[in-house]
Amino acid sequence: MVHDSPDNPDERECKPPRLAATDAPPESLTQPDLDPATTSGEDEDDALLPDILEESGAVGEGPLATGHEAIERAVRLAPTSPGVYRMLNANADVLYVGKAKNVKKRLSNYARQSAPQPARILRMIAATVTVEIVSTNTETEALLLEANLIKQLRPRFNVQLRDDKSFPYILITSDHWAPQILKHRGAQTRPGRYFGPFASAGAVNRTITALQRAFLIRSCTDSFFESRTRPCLLYQIRRCAGPCTREIDFGGYTTLVREATDFLSGKSHAVKQELAGEMEKAASELEFERAALYRDRLAALSAIQSQQGINPRTVEEADVFAIHQEGGFSCVEVFFFRTGQNWGNRAYFPRAEKTFTPEEVLGSFLAQFYDDKPPPKNILLSHEIEESELLANALAIKAGHKVEVTAPKRGEKKELVAHALTNAREALGRKLADTATQSRLLDAMATTLSLPHAPKRIEVYDNSHIQGTNAVGAMIVAGPDGFVRNQYRKFNIKSEGLTPGDDYAMMREVLERRFKRLINPPEDAARKVKDDDFPQWPDLVIIDGGRGQLNAIREIFANLGLTQVSLMSVAKGPDRDAGRETLFMPEREAIKLEPRDPVLYFIQRLRDEAHRFVIGSHRKLRKKDIREAGLQEIPGIGPSRKRALLHHFGTLKEIERASIADLGKVPGVSAESARRIFEYFHPQPG
């Protein structure tokens with residue numbers, strides 16, 4: 001979807017109200033199109049395969065009768081107008097969020113004791129002690145509010161969209177005379193044209209790189225742009241037109257921006273024809289160098305379209321959803337088509353009880369999916385959903401244009417859905433296979449290490465430093481679905497007076513900070529723990545080291561009163577050979593496994609992943625430290641001149657490349673200081 005960002009967008013957020021049945025409805029339930037906060041990493045992680053909510057046995061008459069009484073009390077006060085209702089248990093946790101055109105009539109169905117109900121509904125009723133109701137003006141508003149509350153409250157008995165990562169967009173800014181092209185996530189507050197969504201950051205990066213080759217639009221920041229006195233490397237390799245130093249005039253750069261905007265808006269054929277005409281004109285005038293430039297730009301545009309795989313012929317703008325169920329799990333595959341081009345796909349594994357039909361899962365999934373995303377003009381589905389017309393009206397109100405929600409029966413649209421369904425089937429098959437393999441490894445680990453049960457959450461800790469500087473600790477997490485990257489954490493070592501290189505003290509700080517927070521969580525964190533199926537407490541903690549490190553960790557855990565967590569340390573083999581590691585556990589002899597033992601290989605993977613993550617965190621910290629402090633090591637260069645240099649050149653690397661004459665142009669930098677800076681980065685031999 002292509003849309004403009006206003007200069008002053010309304011960023012109010014709809015919070016989940018907690019109103020009784022007699023409270024007045026909110027004035028407005030419409031929300032702005034705000035993406036979730038930008039994620040810290042750029043890697044697109046697979047969604048976790050959720051737990052199946054197994055059907056339990058018969059519900060006792062006592063709890064069921066109590067639940068019916070609670071619902072009957074709510075029925076007496078319930079309005080006959082549209083609204084949203086929430087069923088809460090004794091701990092005030094939301095069990096279920098539902099909407100209805102007539103709230104009183106819908107709740108009456110739950111209160112009717114003689115009516116046959118699925119086991120899932122009976123268990124929900126038995127756990128209910130109170131019902132809260134919010135009236136709305138229309139059923140459409142009720143649908144929007146229901147989706148918003150489900151995403152925020154994560155009720156146990158609703159279908160839940162688990163992967164809530166924001167989608168990346170391409171932004172061409174409009175708040176500078178030389179617009180910039182960049183990748184953007186999050187709230188779309190900066191003025192400009194937004195093109196997307198794209199399924200992954202990699203797809204955006206590849207497209208931007210190709211667009212730079214085709215249209216020569218700058219990607220540098222405004223501060224870097226303003227400080228330039230000569231073109232940067234991107235100009236030299238023909239990926240930027242060089243507007244910073246006026247290598248191209250305002251009119252010429254505006255034409256490039258217009259062509260890029262037209263291409264991303266779906267006018268790719270017209271843009272390519274225009275470039276081809278310019279290439280032929282340049283060749284006829286014997287300006288072969290200019291003709292070669294147009295040739296390279298055409299090749300870059302062709303590369304963009306060839307990388308996008310299947311491109312529809314008749315569908316300009318659509319999202320395609322296909323659902324496949326197997327083994328009690330559901331997979332929803334989403335394809336994004338904008339401006340007649342395929343902008344990628346992503347698989348979701350929503351959390352739902354196995355009794356939900358594909359139509360029920362898909363209908364609830366769609367309302368939550370577009371809660372914070374702009375919908376396209378067409379939404380194509382693999383299954384007919386019951387409330388397609390209501391959903392289309394609700395999304396049309398959000399988007400400001402007509403939205404069609406259909407399950408096509410023939411033609412190219414049907415082919416697109418069939419293609420998405422094939423991908424959903426394959427994605428769920430791969431996820432089930434990976435999960436089965438991971439489960440067997442966890443079971444084998446429990447047997448080999450004599451654990452009380454197969455661990456559902458494993459935490460691995462490591463730290464990194466160089467002679468005690470830029471010390472950082474890290475924790476990685478693994479579970480039945482593999483590595484859980486959104487649970488990874490890094491810890492900047494803060495202890496004062498720490499002996500450089502004291503690994504024991506560093507690990508002590510990391511573990512104390514981690515587990516003290518678990519023992520006494522903040523209020524918002526406590527709520528999140530309740531709503532999240534993945535356990536917050538580890539079953540097994542692994543550290544890199546030998547018996548000494550293990551004893552140190554045991555002492556820390558004893559001081560914290562932790563006894564339910566299993567501990568293990570992994571000592572490297574002679575000459576650090578993989579396959580010859582020794583495992584240490586409390587009150588046990590050292591364990592040595594066969595080099596080809598799958599459990600040993602699994603433990604190596606865990607340790608190596610922790611090492612990779614902590615090394616990466618340490619390098620980022622060290623790079624930042626060098627960038628901020630490196631200039632101050634030069635005699636006569638203090639914080640003020642350092643700021644002036646960084647503001648003028650943008651980066652330390654550009655300062656290093658600068659000549660003495662360029663350095664002397666920086667305000668506050670004398671000729672002598674410029675010489676010192678230059679000689680610092682370019683020392684003379686001898």
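Keep in mind it's a predicted model, so treat the numbers as computed, not measured. When reading the values below, keep in mind they use all heavy atoms of this one structure, side chains included, and skip hydrogens, waters and symmetry mates.
- Applying the 6.0 Å contact sphere to CD of Glu389 captures no more than 12 heavy atoms from other residues, nucleotides or ligands.
- In this pair, Trp537 and Phe515 present their aromatic rings tilted. The plane angle is within the 30 to 60° band.
- Under a 4.0 Å N-O distance rule, the pair Glu317/Lys377 does not qualify as a salt bridge.
- Contact annotation: the side chain of Val131 approaches that of Ile133 to within less than 4.5 Å [non-hydrogen atoms, C-beta and beyond].
- At a threshold of 4.5 Å between non-hydrogen side-chain atoms, the residues Val320 and Val334 do not count as touching.
- At a threshold of 4.5 Å between non-hydrogen side-chain atoms, the residues Ile125 and His68 count as touching.
- For Asn345, the side chain to side chain donor-acceptor pair (under 3.5 Å) criterion is met by Glu333, not counting sequence neighbours.
- For the atom pair Cys331 SG and Arg425 CZ, the distance stands at 10.5 Å (nearest 0.5 Å).
- A donor-acceptor pair is defined here as one N or O able to donate and one able to accept, closer than 3.5 Å; such a pair exists between the side chain of Ser108 and the backbone of Lys104.
- Interatomic distance, CG of Asn158 versus CE of Met87, reported as 10.5 Å (0.5 Å rounding).
- A side chain to side chain contact (heavy atoms under 4.5 Å, CB included) with Val332 holds for exactly one of Ile323, Leu428, Leu366; it is Ile323.
- A donor-acceptor distance shorter than 3.5 angstrom exists from the side chain of Thr422 to the backbone of Ala418, with no hydrogens or angles considered.
- Considering only heavy atoms from C-beta on, Val97 stays 4.5 Å or farther from Phe157 through its side chain.
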Practice item. I would like to know whether Asp319 and Arg338 meet salt bridge (charged side-chain N to carboxylate O under 4.0 Å, His left out); could you show each step before the answer? Key: CA-CA 8 Å; Asp319 286 346; Arg338 297 293 185 275; 2.8 Å; yes

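- You'll find the side chain of Phe365 stays beyond 4.5 Å of the side chain of Gln160, heavy atoms only.
- Side-chain contact between Thr406 and Ile379: absent, with no pair of heavy atoms (C-beta onward) separated by less than 4.5 Å.
- A cation-pi contact links Lys431 to Phe349, judged by a cut-off of 6.0 Å to the six-membered ring centre and 45° from its axis.
- Using a cutoff of 4.0 Å between basic side-chain nitrogens and carboxylate oxygens, Lys402 and Glu404 are scored as salt-bridged.
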Practice item. Let me see the working for Leu560 and Lys516 under side chain to side chain contact (heavy atoms under 4.5 Å, CB included), right down to the final yes or no. Key: CA-CA 8 Å; Leu560 294 174; Lys516 282 182 179 178; 3.9 Å; yes

Check your understanding: Hey, mind stepping through Arg517 and Glu512 against salt bridge (charged side-chain N to carboxylate O under 4.0 Å, His left out) and telling me if it holds?
Key -> CA-CA 8 Å; Arg517 186 176 179 85; Glu512 286 180 348; over 6 Å; no

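- In summary, the aromatic rings of Phe335 and His419 are positioned with their centroids under 6.0 Å apart.
- Closest non-hydrogen pair, Lys414 versus Pro408, comes out as CD-O, 3.4 Å.
- Put simply, the side chain of Lys101 never gets that close to the backbone of Glu139: no donor and acceptor are under 3.5 Å apart.
- Among all heavy-atom pairs drawn from Thr140 and Ala394, the shortest one is CG2-CA, 3.2 Å.
- Residue pairs meeting the side chain to side chain donor-acceptor pair (under 3.5 Å) criterion with at least one partner in residues 436-447, sequence neighbours excluded, are Thr437-Arg440.
- Annotation: cation-pi geometry satisfied between Arg120 and Phe356 (NZ/CZ under 6.0 angstrom from ring centroid, within 45° of ring axis).
- A salt bridge is absent between Arg154 and Asp93: the closest approach of a Lys/Arg side-chain nitrogen to an acidic carboxylate oxygen does not fall below 4.0 angstrom.
- Residues Glu459 and Arg489 are not in side-chain contact: their nearest non-hydrogen atoms beyond the backbone lie 4.5 Å or more apart.
- A salt bridge is defined here as a Lys NZ or Arg NE, NH1 or NH2 lying under 4.0 Å from an Asp or Glu carboxylate O, and Arg86 with Glu146 fails to meet this definition.
- For the atom pair Met445 CE and Leu606 CG, the distance stands at 5.5 Å (nearest 0.5 Å).
- A pairwise comparison of heavy atoms in Val204 and Ile170 identifies CG1-CG1, 3.8 Å as the closest pair.
- Pairing each heavy atom of Pro79 with each of Ser135, the nearest pair is CG-OG, 3.3 Å.
- Using modelled atom types, no side-chain atom of Asn102 and backbone atom of Ser81 make a donor-acceptor pair closer than 3.5 Å.
- Atoms NZ and CG, from Lys398 and Asn393 in turn, are 14.5 Å apart once rounded to the nearest 0.5 Å.
- Asn89 CG to Leu95 CG: the interatomic distance, rounded to the nearest 0.5 Å, is 4.5 Å.
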Exercise for review: With side chain to side chain donor-acceptor pair (under 3.5 Å) as the test, would you mind laying out the steps for Arg457 and Gln487 before giving the verdict?
Suggested key: CA-CA 11 Å; Arg457 181 187 178 106; Gln487 301 273 331; 3.1 Å; yes

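- Under a 4.0 Å N-O distance rule, the pair Glu353/Arg123 qualifies as a salt bridge.
- Val84 approaches Val103 most closely through the heavy-atom pair N-CG2, 4.5 Å.
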Practice item. List the steps and the verdict of side chain to side chain contact (heavy atoms under 4.5 Å, CB included) for Leu395 and Ile397. Key: CA-CA 5 Å; Leu395 296 181; Ile397 292 174; over 6 Å; no

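- The aromatic rings of Tyr85 and Tyr96 are tilted relative to each other, their planes meeting at an angle between 30° and 60°.
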**Study point:** Verdict with supporting geometry, Val477 and Ile458, side chain to side chain contact (heavy atoms under 4.5 Å, CB included)
**Key:** CA-CA 6 Å; Val477 180; Ile458 301 173; over 6 Å; no

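- Summarising the geometry, atom CD belonging to Glu386 is positioned 12.5 Å from atom CG belonging to Leu391; distances are rounded to the nearest 0.5 Å.
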Review point. For Gln564 and Phe557, what are the C-alpha separation, side-chain angles and deciding distance, and is it a side chain to side chain contact (heavy atoms under 4.5 Å, CB included)?
Key: CA-CA 10 Å; Gln564 73 274 29; Phe557 275 36; over 6 Å; no

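- The aromatic rings of Tyr461 and Phe491 are tilted relative to each other, their planes meeting at an angle between 30° and 60°.
- Looking only at atom types and distance, the side chain of Tyr110 has no donor-acceptor partner in the side chain of Glu72 under 3.5 Å away.
- Heavy atoms only, all atoms of each residue included: Ser382 and Ala322 are closest at OG-CA, 3.3 Å.
- Residues Leu143 and Thr138 fail the side-chain proximity criterion, which asks for heavy atoms closer than 4.5 Å.
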